[in-house]
Peer 1: 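Next up is a structure, given as C-alpha cells.
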Amino acid sequence: MRQGAGWLSLGLLLCGFRAAQTTLDPAADQAAQSDVVWRTMLAVCGLMYLLVMAFLAWALLKASRRRAEVPPAVGHTAAEPALERGLAGWGALILAGLVGLTTVSFLVDRTLAEVGRDPLKIKVTANQWWWQADYEGATPSEQFSTANELHLPVNRTAVIELHAGDVIHSFWAPNLGGKEDLIPGRTNYLRLTPRRTGVFRAQCAEFCGLQHAKMALTITVDRPADFEAWRRHQLGTPPAPSNAEAQAGQHLFHTRACVMCHRVGGTDAGATVGPDLSHIASRPTLAAGTLPNTPEALAGWITDPQGLKPGASMPKVSLSGPELSAVVAYLETLK
Amino acid sequence: VSAIEEMEGVVDAVGPLHDELSRTWATPGGLWGVLTTVDAKVIGRRYVATGLAFFVLGGILAVLMRLQLARPESGLIGPDRYNQIFSMHGTTMMFLFAVPIMEAMGVYLVPLMVGARTIAFPRLNAFSYWIYLAGGVMLYVAFVLNIGPEAGWFAYVPLSGPEYSAGKRTDFWAQMVTFTEVAGLAVAVALIATIMKMRAPGMTLARMPLFVWSMLTTSGMVLLAMPAIMLATSFLISDRLIGTHFYNTAEGGSSLLYQHLFWFFGHPEVYIIFLPGLGMVSEITATFSRRSVFGYPVMVLALVATGFLAFGLWVHHMFATGLPRMGDSFFTAASMIIALPSGVQIFCWIATLWDGRPRFATPLLFVIGFIITFVLGGLTGVMAASIPLDLQIHDTYFIVAHLHYVLIGGAVFPLLGAIHYWFPKAVGRMPSETLGKLSFWLVFVGFHTAFFPMHLLGLMGMPRRVYTYAADMGWNGLNLLSTVGALILASGVGVFLVNLILSARRGRPAGANPWGAPGLEWAVSSPPPNYSFAYAPVVEGREPLWAAPRGLAVMDGLRSDQREVLLTTISDAQPAVRYSSPEPSIWPFLTALTCTAMFIGSIFDEWAVVWGSLPIAVAIIGWFWPKPPHSQPPVAAEPPPGALA
C-alpha cells in the first residue's frame, strides 16, 4: 500500500505537479520556449539512447550464443565491411540529429530575445541573502522599492534589470523562465512574459555564500487591474500607527538599531542597507523565503536572526518581551 | 589457454643478465629508497594508491552531503561546514583524484605498453609525485583545522575574493591548485616524451595502443589547459595577498575574467579526466572480446578531435552570465558537435563486442556499465549545450546528475575496470572475480539510484550547492532515494577496495598474461622486474602478442651495467639513440620539499616567495649538477638482425 502511494507520488512528481517551483509546468512564454527545447531534446536524445542500447543488447545476446575458445581475431574480419557501413550511417545520423537540435535551439533562442510593446521595467538587486526590487516610473513619485517579492501583470513583458550588491547571484523563477546571473559591475537583463496568474517561487541559483540555500523570492502574477491596485498601494505610505502599543513600537524602531538599516516610507527611517519595510506586513515571506510572514515568525526572526539564518546581515537586537511585542505590533501595521 | 601460456615472459631475462640488470636498475632499500626512487613502476603504483586514498576521502564527503540532504531542514551539518564539505568534495575529486590518478595510470602503464625500460625524465616524475602528495596533504590538514575551502571547487570571485572570503581558507585552496597543476604538468611532459621518443622499435604511431593515444592527447591538453587555471588562481591569490585588482570591478578588474580563465581550463579538464578512461575501455574491450578494436583509425581521430574541440566549449558554463547571444550560439554548436566523436567511439566498442567473442569478466562488466551510463551523460550534455534549455537546468541538480554520469560513468567505471584488469600485472596476483562482480553490481545499481533522481530534482527546481531545503518543496522523496543510492554506491567502492587488499595478499599468482591480452605490458612477468624489458621488443602490428604467439622478436644492444634506454624516431619508431637514464636521487624529493615550504609560506607572507626560492635554487642546482660522463658516448644503435629496418 505504502509502496503504491510512493509510486503514485513519484508519478505526480514526474509530472511536476507537486514541486513548489518547476520547469515542467511553464506559466510564461520564456519557460514555455525552454520547454519546447526540452521536449524536442527528450524525444531525439531518447531515441538515440534507445538505438545505442538496442545495439548493445544485440551484441551481448549474440555474445552469449558464441563461446568457442578461438585464437583472437587480429586485423580485419569478415564482418568489417558491414560494420563500416553501419559506422558511416551512425555518424551521419548523429550529425543530422545535432544539426537539427542546434537549429531548434538557435531559433528558440532568437524568440527569447523578443520584447513585447510597453514592457514593465523593474530593477532587481541581489544581496547576501535577499532581493531588492525597484519598480521604475516616469517620475520619482511613480517609483517604489520592495524586497523579496515581485508582482507582475499577466500578458505583459517585464524587463528585469539585474544588479548585484556584493557577490554573484542568479535570478531563477523555474515556472516563468531561465535564469540570468546578477554580477557586480555588470548589468544583465531578463525578460518574463507571464501567461497565467498565480504565485510562483524564485530562488538564487548561483552559489553566493553561507545562506545561498535561503534566498528565495515570491512572484505574484496578477490580472492587470489587480497589479495596478497593488502598484498604487505600494506607492502610498502606510498610515501612522493608531494604538498605543504600535506607537511605542514605532518609537523603539526609531531609537534602536532597526533604523540604521531599514526604510519605512513616510517616516524618518530612511536607510537603504537592508530591505525596505514600508509594506512588510503585506509580503508573503520573511528573510527571503526563510519564514512565513506571521507575527510569531516575525517576533522569532527579530529575536534570533542568527539562529534562523546564520550569517545573515540582520543582527540580534536585544529587546525585552514587551518591547518585542511593541515592535512586532508596529511592523504589523505596515500593510 | 596453451597459446596464452606460450606467450608468458617472453622478454624476461634469466641468469646472469637478469642479475646484472636487476643490480643496475635497483632502488636502494629502506626509507632512503622510498625517498630516492626514480622507478616509474614504483612511483606509478604509489601515485595510484594515493589517488585512491583521496577518492575514498572525497567519497566520504559525498556521503556526508547525501546524509544532510536526505531530509528537508536537516540539522546534521550547518551551512558553514556544508559549504566546506562540498568545496572539498569537488576539489578532491577533480584535483586530487581524477586527473592525478589518470596520469598515474599513465605513469605505470605507458612505459610498459610502449616497451620502454622506464619513463622519460624519471626524476621529474618523482618530483611530480612528491609535490602532488604535499598539495593534497596540505589541503586536508587545512580542512581539519577549519581552514578548508569554502567557495566551491570553482571559487568564483568576488565570493572567493579578499572581501567575501576573509581568512586563509581560499588561499589554501588556491595554493593547492598550484601544487597539483605543477605535478600534472610534470607528468604530462614526461608522458609526451616517453610516447614520442621511447616506443619500442616498430611501434609506429599507427600501431600505438589506444590507451597510449589517449594519454598522448590528454597530456597535450594538460599542457594547454593547466596554465590557464594557474593564471586564474595566481591572480586570485595576488588579489587576496598583495592587493592587486585583477578581479576587482571597482578598480577596473573583471569578475568574468576569472570565469573565462577558469573554464578555459575547467572544460578541457573534463576531457582530460575521461579521455584516459576511453583508452582503458578500448584496451579492456579488445582483450575480453578477443578481437582488435573495430575502427582503429576512427578511434584515434575521435580522441584527437575531442582533444581539440574541448578547448572551444568553455562558454557553455557561462550562458547565464549575459554574454552576447550570437557569440554564445557558436559555443552551442561546438558543444553539440563534440558528441560526434564520442558517439562514433561508442559505436566502435559495441561493434567490437558484437563481432568478438566476449568473456564477461569484471573489467568488461565495468565497460558495459560505462556504455550504459556514459551515453546517458553525453546526451544530457547535448541538452545542456542548448542555451534556452541550459538557462533552465544550469546550476541545478540536473547538472549534478549530468556531470556525475559523465565523470563517474565516463572515467570512474573505466578506471575501476582498468584497476581490476591491470592489478595482476602490478601486483602479481589475481583479484577475486566474485568480489569484483559484486562490487560492479553494487556500484552500478547504487550509482543510478543515487544520480538518476537528480535529473528530476533539477527539472523540479532544486538548485545546486544548497545545504538544505524546505519540507514543502516537493523534493523529499527523491532526495531520500538518492541518499540510499549513495550508500549502496559507497558500499560497492568498499567491496572493490577490500578485493584489492585481500587479493594483494592471497590472490592466485598471476602469470605474465593472465587475460590473454595483446599488449606489450603483458610480455613481461607480473609484477615486472625493475628493468621492465631486458631487450627492446620489436613490434610488427597493433596487437604484438596476438600476432606473435610464439614469442616476440627482440632487439639487443642496450647496456646492462648502466641504466640505458633506447630512443626511437617519432613517427616510425626506428631505433635512433642509446640514452642514459638517471640513477636514484634525493634531489627531486628535496626540491619538492623546498617548493612546498615556499608555496605554503607565501600563503602567510609574500616575502616567503623571495626567501623560499633560495633553498629551491640550492635543490635544483643539486639536481642538475653535472654527472660523471657516460663511459661510452651514446651512439646510434646498430639495428640487430631481425629488427625492423
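All of these numbers come straight from a predicted model, not from anything done at the bench. Reminder, nothing fancy here: chain letters follow the sequence lines and each chain counts from 1.
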Peer 1: Check each atom of Asp35(A) against the heavy atoms of chain B and say whether the ones under 4.5 Å are side chain, backbone, both or neither.
Peer 2: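 Contact with chain B involves no heavy atom of Asp35(A) at all.
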Peer 1: Taking all atoms of both residues into account, what is the closest heavy-atom pair of Gly165(A) and Tyr164(B), and its distance?
Peer 2: O-OH, 4.2 Å
Peer 1: As an exercise: rank Gly161(B), Gly78(B), Ala250(B), Ser292(B) by heavy-atom pairs under 4.5 Å with chain A and give me the winner.
Peer 2: Ser292(B)
Peer 1: Under 4.5 Å from any heavy atom of chain A, what part of Glu150(B) do you find: side chain, backbone, both or neither?
Peer 2: backbone
Peer 1: Are the side chains of Thr321(B) and Glu206(A) in touch, meaning some heavy atoms are under 4.5 Å apart?
Peer 2: no
Peer 1: For the residue pair Phe55(A) and Phe347(B), does the interplanar ring angle fall in the parallel (under 30°), tilted (30 to 60°) or perpendicular (over 60°) class?
Peer 2: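 If you compare the ring of Phe55(A) with that of Phe347(B), the planes turn out tilted.
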Peer 1: If you apply the rule side-chain contact (heavy atoms from CB on, under 4.5 Å), what do you find for Phe319(B) with Asp181(A), and how did you get there?
Peer 2: CA-CA 9 Å; Phe319(B) 283 158; Asp181(A) 290 352; over 6 Å; no
Peer 1: With respect to chain A, which residue among Asp328(B), Leu379(B), Thr287(B), Thr396(B) yields the maximal number of heavy-atom pairs within a distance under 4.5 Å?
Peer 2: Leu379(B)
Peer 1: For chain B, which of Thr77(A), Thr102(A), Asn175(A), Leu83(A) has the most heavy-atom pairs under 4.5 Å?
Peer 2: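 Between Thr77(A), Thr102(A), Asn175(A), Leu83(A), the count favours Leu83(A).
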Peer 1: Picking from Gly177(A), Gly311(A), Gly97(A), which has the most non-hydrogen pairs under 4.5 angstrom with chain B?
Peer 2: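 The residue among Gly177(A), Gly311(A), Gly97(A) with the greatest pair count is Gly177(A).
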Peer 1: With a 4.5 angstrom heavy-atom cut-off, which part of Asn188(A) approaches chain B: side chain, backbone, both or neither?
Peer 2: side chain
Peer 1: Quick check for you: to the nearest 0.5 Å, what is the distance between Leu98(A) atom CG and Thr332(B) atom OG1?
Peer 2: 12.0 Å
Peer 1: What part of Ser255(B) is in contact with chain A, defined as an atom under 4.5 angstrom from a non-hydrogen atom: side chain, backbone, both or neither?
Peer 2: side chain
Peer 1: When rounded to the nearest 0.5 angstrom, what is the spacing between CG in Asp166(A) and CG in Leu159(B)?
Peer 2: 9.0 Å
Peer 1: Checking Trp38(A) against chain B: side chain, backbone, both or neither under 4.5 Å from a heavy atom?
Peer 2: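 For Trp38(A), the contact with chain B is made by backbone and side chain together.
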Peer 1: Using a 4.5 Å cut-off on heavy atoms from C-beta on, say whether the side chain of Tyr467(B) contacts that of Lys214(A).
Peer 2: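 The answer is yes, as the side chains (C-beta and beyond) meet within the 4.5 Å cut-off.
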Peer 1: So how far is it from Thr23(A) OG1 to Leu391(B) CG, rounded to the nearest 0.5 Å?
Peer 2: 12.5 Å
Peer 1: Among Leu459(B), Thr249(B), Val466(B), which has the most heavy-atom pairs under 4.5 Å with chain A?
Peer 2: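 Ranked by contacts with chain A, first place is Leu459(B).
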Peer 1: CG/Leu389(B) to CG/Asp109(A) distance, rounded to the nearest 0.5 angstrom?
Peer 2: 11.5 Å
Peer 1: Can you tell me which portion of Arg186(A) sits under 4.5 Å from chain B's heavy atoms? Options are side chain, backbone, both or neither.
Peer 2: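 Side chain of Arg186(A) only, per the 4.5 Å heavy-atom cut-off to chain B.
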Peer 1: Answer with side chain, backbone, both or neither: which region of Asp80(B) has an atom nearer than 4.5 Å to a non-hydrogen atom of chain A?
Peer 2: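 Its backbone and side chain both get close to chain A.
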Peer 1: Quick one: closest heavy-atom pair of Gly209(A) and Asn83(B), and the distance?
Peer 2: O-ND2, 3.6 Å
Peer 1: So do Leu60(A) and Phe360(B) actually touch side chain to side chain, heavy atoms under 4.5 Å?
Peer 2: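 Yes. Closest side-chain heavy atoms under 4.5 Å.
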Peer 1: Is the backbone N or O of Pro388(B) less than 3.5 Å from a side-chain atom of Ser34(A), with the two atoms forming a donor-acceptor pair by type?
Peer 2: yes
Peer 1: Are side-chain heavy atoms of Val37(A) and Ile387(B) found at a separation under 4.5 Å?
Peer 2: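 In short, these two side chains do not touch, never coming nearer than 4.5 Å.
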Peer 1: Using non-hydrogen atoms and a 4.5 Å limit, figure out which bit of Phe398(B) sits close to chain A: side chain, backbone, both or neither.
Peer 2: side chain
Peer 1: Non-hydrogen atoms of chain A under 4.5 Å away: do they reach the side chain of Tyr82(B), the backbone, both or neither?
Peer 2: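 For Tyr82(B), no heavy atom lies under 4.5 Å from chain A.
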Peer 1: Is any NZ, NE, NH1 or NH2 atom of the basic residue among Lys179(A) and Asp395(B) found under 4.0 Å from an Asp or Glu carboxylate oxygen of the other?
Peer 2: no
Peer 1: Within a 6.0 Å radius of atom CZ on Arg110(A), are there more than 12 heavy atoms belonging to other residues, nucleotides or ligands?
Peer 2: no
Peer 1: Pick from Met53(A), Gln30(A), Met48(A), Gln33(A): which one has the most heavy-atom pairs with chain B under 4.5 Å?
Peer 2: Met53(A)
Peer 1: Closest approach of Phe207(A) and Gly152(B), non-hydrogen atoms and distance?
Peer 2: CE2-N, 4.4 Å
Peer 1: Between Met41(A) and Ser386(B), is there a side-chain heavy-atom distance shorter than 4.5 Å?
Peer 2: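 A side-chain contact under 4.5 Å exists here.
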Peer 1: Using a cut-off of under 4.5 Å for heavy-atom pairs, which of Val382(B), Val293(B), Ile346(B) has the most such pairs with chain A?
Peer 2: Val382(B)
Peer 1: Measuring heavy-atom distances to chain B, does Ile168(A) have an atom under 4.5 Å in its side chain, in its backbone, in both, or in neither?
Peer 2: both
Peer 1: Among Ser170(A), Cys208(A), Gly46(A), Gly289(A), which residue forms the greatest number of heavy-atom pairs with chain B at distances under 4.5 Å?
Peer 2: Cys208(A)
Peer 1: With a 4.5 angstrom heavy-atom cut-off, is it the side chain or the backbone of Glu73(B) that approaches chain A, or both, or neither?
Peer 2: side chain
Peer 1: Between Ile393(B) and chain A, which part of the residue has a heavy atom less than 4.5 Å away: side chain, backbone, both or neither?
Peer 2: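 For Ile393(B), the contact with chain A is made by the backbone alone.
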Peer 1: Contact part of Leu112(A) toward chain B, heavy-atom cut-off under 4.5 Å: side chain, backbone, both or neither?
Peer 2: side chain
Peer 1: What option among Ala205(A), Gly185(A), Ala79(A) has the most heavy-atom pairs under 4.5 Å with chain B?
Peer 2: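 Sorted descending by pairs with chain B, the first entry is Ala205(A).
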Peer 1: Looking only at heavy atoms, what is the nearest atom pair of Pro463(B) and Gln21(A), with distance?
Peer 2: CD-NE2, 4.4 Å
Peer 1: Rounded at 0.5 Å granularity, tell me how far CG in Leu42(A) sits from CE in Met383(B).
Peer 2: 5.5 Å
Peer 1: Side chain from CB out, backbone as N, CA, C, O: work out which of these in Glu80(A) comes under 4.5 Å of a heavy atom of chain B, or both, or neither.
Peer 2: both
Peer 1: What part of Gln203(A) is in contact with chain B, defined as an atom under 4.5 angstrom from a non-hydrogen atom: side chain, backbone, both or neither?
Peer 2: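 The answer is the side chain of Gln203(A).
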Peer 1: Is Gln259(B) in contact with chain A via its backbone, its side chain, both, or neither, using a 4.5 Å heavy-atom distance?
Peer 2: side chain
Peer 1: Check each atom of Ala216(A) against the heavy atoms of chain B and say whether the ones under 4.5 Å are side chain, backbone, both or neither.
Peer 2: neither
Peer 1: Measuring heavy-atom distances to chain A, does Arg464(B) have an atom under 4.5 Å in its side chain, in its backbone, in both, or in neither?
Peer 2: backbone
Peer 1: To the nearest 0.5 Å, what is the distance between CD on Glu180(A) and NE2 on His394(B)?
Peer 2: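 Here the rounded value is 10.0 Å.
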Peer 1: Output, in order, the C-alpha distance, side-chain angles, deciding distance and verdict of side-chain contact (heavy atoms from CB on, under 4.5 Å) for Trp354(B) and Trp58(A).
Peer 2: CA-CA 7 Å; Trp354(B) 182 88; Trp58(A) 186 17; 3.4 Å; yes
Peer 1: Top residue by heavy-atom pair count (under 4.5 Å) with chain B, among Gly91(A), Cys204(A), Pro184(A)?
Peer 2: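 Of the options given, most contacts go to Pro184(A).
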